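Everything numeric in this text was worked out from a predicted model, so none of it was measured. Just follow the structure's listing: the first ligand is 1, and inside any ligand the first atom is 1.
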Amino acid sequence: HEHKQPFPENFLWGSASAAYQIEGGWDQDGKGPSVWDVYTKQPGTTYMDTNGDIAVDHYNRMEEDVALMAEMGLKTYRFSIAWTRIYPEGRGEVNEAGLAFYERLIDLLLDNHIEPIITVYHWDLPQALMDEYGGWESRKIIDDFNDYCVTLFQRFGEKVKYWVTLNEQNVFIGLGYKVGLHPPGVKDEKRMHQANHIASLANAKAVESFRKYVPNGKVGPSFALSPVYPRTSHPEDVLAAENAEEMMNHWYMDVYVHGKYPEVIWAHLERKGTAPELQEGDLELLKQGAPDFMGINYYQSTTVERNPLDGVAEGKMNTTGKKGTSSDSGVPGLFKTCRNPDLTTTNWDWEIDPVGLRIGMRRIHNRYQLPILISENGLGEFDKLENGRIHDDYRIDYIASHLQQIQEALQDGVDVIGYCTWSFTDLLSWLNGYQKRYGFVYIDRDEKDVRNLRRIKKDSFYWYQDIIQSSGEKL
Ligand code: BG6
């Protein structure tokens with residue numbers, strides 16, 4: 001038996017969630033509407049028109065949920081704060097009831113020796129800021145986002161060490177402004193790159209403030225990582241994979257870490273007239289945004305082949321790491337995504353690739369020399385409640401195989417500080433309703449019927465409890 005590298009003693013064994021997907025209480029205690037509260041109520045935007053008005057009612061069942069985390073032995077819990085609970089209109093008067101809710105959550109976690117990781121932005125932009133100036137498309141958001149962050153830093157900075165700024169900037173910008181499936185439902189590449197640039201500036205400014213208000217804390221983004229492979233060893237396919245790595249991954253991570261955009265893609269966008277417009281001082285500000293760790297959300301890799309310019313229609317660019325709908329996607333002249341014949345898929349057509357996580361972590365380690373926090377990884381499936389039990393052995397296999405690759409990466413010399421599964425309880429999958437379940441804890445509800453929202457531990461709950469207790473020895 002080969003000797004396996006043990007996980008570090010202070011490894012953060014964790015799980016994660018996001019406000020809109022679990023809280024419900026969408027207008028309770030002074031909360032204002034977010035873009036998701038509004039978007040999901042337009043017919044046809046989500047699976048069976050489901051929304052997060054009630055979600056899994058975590059807002060009113062927080063104590064019960066934390067008790068389950070404590071029972072499991074979680075070392076860390078990553079959750080997001082709803083901007084509209086703190087500033088119902090996005091700015092202006094602060095809503096004390098919102099701050100008090102998160103303070104109760106943080107205190108309860110700390111009492112149970114669970115390290116809180118706060119995500120300040122997991123997509124639920126205040127609708128008021130969208131109405132007033134178009135949200136991420138206006139530079140006005142830089143100050144409003146900063147003020148919101150500073151309020152959180154001042155209030156929670158003493159208690160909370162780990163902070164995530166933007167959750168999956170590449171996904172909310174790509175799906176919001178290019179693919180058009182998330183709010184605000186725009187399909188315009190030029191606007192997408194501009195909104196993305198402004199989001200990067202807002203991120204950098206928040207990190208700059210973080211240094212001042214939380215000098216002993218650690219901050220980073222959660223980036224949706226999808227490492228890219230060439231379909232064949234044909235040099236044109238290998239080049240296409242390089243192009244896709246630059247556009248899908250380095251385009252964002254280079255900005256976070258070094259405050260600069262990769263040249264290959266910049267030149268490409270300039271030729272197309274879709275490059276973001278830089279103002280004086282932008283590059284200086286971006287350089288203030290360097291993170292302490294790279295948070296990565298990993299679900300699958302991407303495989304590409306060459307996509308010559310002549311005669312190819314432009315497909316959807318896969319900025320999301322989420323395929324399924326985008327097997328013909330790509331960028332003419334750069335790359336075209338395709339199926340990886342060596343991988344199987346989930347029931348949602350996502351390719352299962354644990355080794356891809358190791359590859360991605362090694363690439364990040366080599367390029368950026370930063371510690372890595374896996375801030376999300378997990379399997380969305382149709383779970384079945386049978387005689388009060390959920391036998392989700394497929395989820396156990398999925399998580400185990402990814403943890404084994406993390407262990408390999410540790411052996412490779414990668415500095416991995418923690419691993420958060422997606423998700424702790426079942427929750428609302430933005431566009432897929434409640435049937436796509438990710439949790440260790442089953443929630444008894446479906447799209448049509450909220451039922452009793454009872455919490456039921458799945459087989460994977462007991463399995464992960466055992467893994468944490470043995471520090472990964474039992475993997
Ligand atoms: C990530 C998000 O993109 O993937 C989560 O940060 C999301 O909020 C998760 O739920 C799974 O995606 P989906 O589409 O299956 O809910």
Side-chain angles (χ1 to χ4, degrees), residues 14-23 34-36 39-40 45-48 50-52 55-56 58 77-83 117-125 164-176 178-183 199 220-226 248-249 252 294-302 318-326 345-353 357 360 373-383 394-395 398-399 402 419-440 443 447:
S15 194
S17 71
Y20 186 69
Q21 300 180 270
I22 60 167
E23 285 180 3
S34 78
V35 292
W36 277 94
Y39 183 75
T40 52
T45 53
T46 65
Y47 176 70
M48 290 178 76
T50 44
N51 62 49
V56 303
H58 171 75
Y77 172 55
R78 170 180 176 245
F79 61 95
S80 82
I81 290 183
W83 187 340
I117 300 178
I118 292 182
T119 306
V120 298
Y121 185 78
H122 203 124
W123 307 354
D124 43 2
L125 183 79
V164 168
T165 46
L166 300 178
N167 179 71
E168 297 189 350
Q169 179 180 339
N170 53 332
V171 171
F172 78 78
I173 292 290
L175 289 177
K178 164 94 191 188
V179 183
L181 287 173
H182 280 196
S222 274
F223 179 71
L225 175 74
S226 192
M248 292 173 54
N249 295 324
Y252 304 89
M294 187 60 72
I296 61 177
N297 294 353
Y298 176 75
Y299 292 90
Q300 57 182 327
S301 53
T302 293
N318 181 6
T319 54
T320 67
K322 297 181 179 188
K323 281 168 281 191
T325 49
S326 56
T345 58
T346 72
N347 281 321
W348 263 269
D349 215 20
W350 292 21
E351 284 168 349
I352 301 174
D353 182 12
L357 176 57
L373 170 70
I374 317 274
S375 39
E376 282 181 34
N377 171 242
L379 175 66
E381 263 305 335
F382 301 98
D383 293 330
Y394 38 88
R395 180 167 293 107
Y398 184 97
I399 295 174
H402 286 78
Y419 174 76
C420 296
T421 68
W422 188 260
S423 50
F424 185 68
T425 62
D426 289 342
L427 40 69
L428 171 66
S429 167
W430 307 91
L431 303 177
N432 308 296
Y434 292 92
Q435 42 153 16
K436 192 177 186 185
R437 297 173 180 274
Y438 279 93
F440 291 126
I443 305 281
E447 281 71 21

Given the options Tyr394, Trp348, Trp350, Tyr299, Leu379 meets side-chain contact (heavy atoms from CB on, under 4.5 Å) only with Tyr394

Are the aromatic rings of Tyr20 and Trp430 close, with centres under 6.0 Å apart?
-> yes

Please identify which atoms of ligand 1 are closer than 4.0 Å to at least one heavy atom of Glu376.
-> 1 (C), 2 (C), 4 (O), 5 (C), 6 (O), 9 (C)

Provide the number and element of each atom of ligand 1 under 4.0 Å from a heavy atom of His122.
-> 2 (C), 5 (C), 6 (O), 8 (O)

Trp350 to ligand 1, any heavy atom closer than 4.0 Å = yes

Could you see which bit of Tyr298 sits under 4.0 Å from ligand 1, with heavy atoms only: side chain, backbone, both or neither?
-> neither

Could you tell me whether Asp383 and Arg395 make a salt bridge, using a distance below 4.0 angstrom between a side-chain N and a carboxylate O?
-> yes

Under 4.0 Å to a heavy atom of Ser429 - the qualifying atoms of ligand 1, by number | 13 (P), 14 (O), 15 (O), 16 (O)

Run the ring-centre check on Phe172 versus Tyr121 and record whether the distance is less than 6.0 Å.
-> yes

Backbone N/O of Cys420 and side chain of Ser15: donor-acceptor pair under 3.5 Å | no

Proximity to ligand 1 by part of Asn432, non-hydrogen separation under 4.0 Å | side chain

Under 4.0 Å from ligand 1, counting heavy atoms only, is it the side chain of Trp422, its backbone, both or neither?
-> side chain

Would you mind listing which atoms of ligand 1 come within a distance below 4.0 Å of any non-hydrogen atom of Tyr438?
-> 11 (C), 12 (O), 13 (P), 15 (O)

Mark yes or no for whether Asn167, through its side chain, and His122, through its backbone, hold a donor-acceptor pair below 3.5 Å.
-> no

Can you sort out which atoms of ligand 1 are near Asn167, meaning under 4.0 Å from one of its heavy atoms?
-> 6 (O)

Spell out, as yes or no, whether a donor-acceptor pair under 3.5 Å connects the side chain of Glu381 to the backbone of Tyr438.
-> no

